[in-house]
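By convention in this document, chain letters (A, B, ...) are assigned in the order of the sequence lines, proteins followed by strands, and residues within each chain are numbered from 1. In what follows, every heavy atom counts, from backbone to side chain, and hydrogens, waters and symmetry copies are set aside.
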There are 2 protein chains.
Amino acid sequence: MSRHRKDAVIESIFQALADRTRRQMIERVSQSPATVSELARPFSITLAAAVQHVQLLERSGLVRTEKQGRVRLVMIDPAGLSTLRLWLDDRRNLWETRLDGLSAILRENPKR
Amino acid sequence: MSRHRKDAVIESIFQALADRTRRQMIERVSQSPATVSELARPFSITLAAAVQHVQLLERSGLVRTEKQGRVRLVMIDPAGLSTLRLWLDDRRNLWETRLDGLSAILRENPKR
DNA sequence: ATAATAGTTAAGTTTCCACTTGACTATTTT
DNA sequence: AAAATAGTCAAGTGGAAACTTAACTATTAT
């Protein structure tokens with residue numbers, strides 16, 4: 001997978017999770033699969049808005065969905081958040097190798 | 001810390017990282033501290049824009065800064081990303097307790 | 001002291017994002 | 001078959017976000 005593509009995936013994940021409504025939808029769906037209507041209910045938004053949120057979450061890889069009859073089931077896709085975890089681990093490795101120097105800097109600046 | 005406040009912190013972190021320019025700034029600063037001008041250079045943006053990005057990153061807790069003379073040094077704040085890590089761990093626990101049921105569902109839907 | 005450098009702030013512009021309404025399709029229910 | 005339900009799509013609106021320019025302050029170099 002190209003660096004650019006990978007970055008686009010990460011970007012869509014951060015964008016998806018930057019919205020409070022979508023974070024709560026993820027939370028809900030982490031418990032058990034839910035329909036789009038069920039995801040809309042707790043918020044004062046139209047069904048159309050909920051559909052858009054779900055589509056965005058699906059494009060980012062955070063959820064999978066499956067249409068069953070006239071209902072669409074939305075379920076968590078563990079792959080989505082492990083992508084995020086991998087990104088986070090990579091970044092942490094980056095600065096942990098530098099942590100000795102950094103901690104020296106932090107020691108000089110005890111504020112916070 | 002209240003749930004609402006905590007959520008606001010998480011939100012600001014996701015929002016900060018949803019922007020490609022800011023993610024690259026974080027990447028740069030993970031290696032070693034950098035000035036605002038140094039952070040602006042790789043991108044075709046004005047210094048003023050870079051200042052705004054840095055301010056946003058600082059408000060989200062992802063970086064610390066310190067003014068030295070006419071220069072502002074920007075450095076990674078490990079606390080920022082560990083907040084993100086904690087959030088991620090919490091969510092993972094949520095659905096890992098549900099993973100047995102979920103994997104059954106996934107087995108029924110081998111697509112992907 | 002003057003000039004150059006680094007950053008900051010305010011204000012305006014453009015672009016993007018969340019949301020709504022309204023028309024439409026497909027599936028259940030009655 | 002008709003009515004209700006669940007979702008989808010397109011187009012439009014409003015507000016937030018990213019960016020610019022321009023005027024200004026503080027520090028360092030000549």
Side-chain angles (χ1 to χ4, degrees), chain A residues 7-29 32-75 109 111, chain B residues 4 7-29 32-75 80 109 111:
Chain A
D7 194 63
V9 171
I10 282 293
E11 176 134 342
S12 74
I13 290 175
F14 279 124
Q15 276 170 357
L17 293 173
D19 184 87
R20 195 168 164 279
T21 300
R22 284 191 293 265
R23 278 199 309 284
Q24 289 184 232
M25 286 180 167
I26 285 288
E27 209 102 349
R28 166 65 185 81
V29 155
S32 65
T35 66
V36 178
S37 297
E38 282 167 358
L39 290 178
R41 214 181 316 278
F43 311 99
S44 48
I45 57 173
T46 61
L47 184 57
V51 167
Q52 289 166 22
H53 281 306
V54 168
Q55 287 172 343
L56 201 153
L57 286 171
E58 189 171 20
R59 269 182 252 123
S60 77
L62 289 167
V63 303
R64 302 173 65 239
T65 77
E66 189 197 341
K67 189 112 184 204
Q68 288 184 356
R70 65 182 167 182
V71 148
R72 179 174 295 276
L73 270 188
V74 183
M75 57 202 94
N109 306 297
K111 274 274 178 60
Chain B
H4 278 74
D7 195 64
V9 171
I10 282 293
E11 177 133 343
S12 75
I13 289 177
F14 279 124
Q15 275 171 357
L17 293 173
D19 184 89
R20 195 169 163 279
T21 301
R22 284 191 294 263
R23 277 198 310 284
Q24 290 185 231
M25 286 181 167
I26 286 288
E27 208 102 348
R28 166 66 186 79
V29 155
S32 65
T35 67
V36 178
S37 297
E38 283 166 357
L39 290 179
R41 213 180 318 277
F43 310 99
S44 48
I45 56 174
T46 60
L47 184 58
V51 168
Q52 289 165 22
H53 281 305
V54 167
Q55 287 171 343
L56 199 152
L57 285 171
E58 189 170 22
R59 271 182 250 123
S60 75
L62 289 167
V63 302
R64 302 173 65 240
T65 78
E66 189 195 343
K67 189 113 186 203
Q68 287 184 357
R70 66 182 164 179
V71 147
R72 181 173 294 276
L73 270 189
V74 183
M75 58 202 92
N109 307 298
K111 276 274 178 60

Colleague: Using atom CG of Leu73(B) as one end and atom P of dA6(C) as the other, report the distance to the nearest whole Å.
Modeller: 13 Å
Colleague: Among all residues two or more places apart in sequence or in another chain, which pass the side chain to side chain contact (heavy atoms under 4.5 Å, CB included) test with Ala48(A)?
Modeller: Thr46(A)
Colleague: If the cut-off is 4.0 Å, is Gln55(A) near the phosphate of dT8(D), judged by side-chain N/O to OP1 or OP2?
Modeller: no
Colleague: Indicate, with a heavy-atom threshold strictly under 4.0 Å, whether Val51(B) touches base, sugar-phosphate, or nothing.
Modeller: base
Colleague: Whole-Å distance between dA17(D) C1' and Leu17(B) CG?
Modeller: 16 Å
Colleague: Does a side-chain heavy-atom distance below 4.5 Å link Val74(A) with Met25(A)?
Modeller: no
Colleague: What string of B, S and - do you get for nucleotides 19-30 of chain C, 5' to 3', if B is base contact, S is sugar-phosphate-only contact and - is no contact with any protein heavy atom under 4.0 Å?
Modeller: BBB-----BSS-
Colleague: Within this structure, what is the CZ-to-C1' distance between Arg59(B) and dA17(D), rounded to whole angstrom?
Modeller: 12 Å
Colleague: From CD of Gln15(A) over to P of dA17(D), roughly how many Å is that when rounded to an integer?
Modeller: 13 Å
Colleague: Without decimals, in angstroms, what is the distance between Met25(B) CE and dA18(D) P?
Modeller: 11 Å
Colleague: Could you tell me the separation between the CD atom of Glu66(A) and the C1' atom of dA6(D), rounded to a whole number of Å?
Modeller: 16 Å
Colleague: Round to a whole Å and report the spacing from CZ of Arg20(B) to C1' of dA17(D).
Modeller: 18 Å
Colleague: Going by the rule side chain to side chain contact (heavy atoms under 4.5 Å, CB included), which residues pair with Arg22(A) if we only count those two or more places apart in sequence or in a different chain?
Modeller: Ala16(A), Asp19(A), His53(A), Leu56(A), Leu57(A)
Colleague: Rounded to the Å, how far apart are Glu11(B) CD and dA18(C) P?
Modeller: 10 Å
Colleague: Once side chain to side chain contact (heavy atoms under 4.5 Å, CB included) is applied, do any residues pair with Gln15(B), and if so which ones, sequence neighbours excluded?
Modeller: Ala18(A), Glu11(B)
Colleague: For Glu38(A), give me all partners under side chain to side chain contact (heavy atoms under 4.5 Å, CB included), at least two apart in sequence or on another chain.
Modeller: Arg28(A), Ala34(A), Thr35(A), Arg41(A)
Colleague: Can you name the salt bridge (charged side-chain N to carboxylate O under 4.0 Å, His left out) partners of Arg20(B), sequence neighbours left out?
Modeller: Asp7(A)
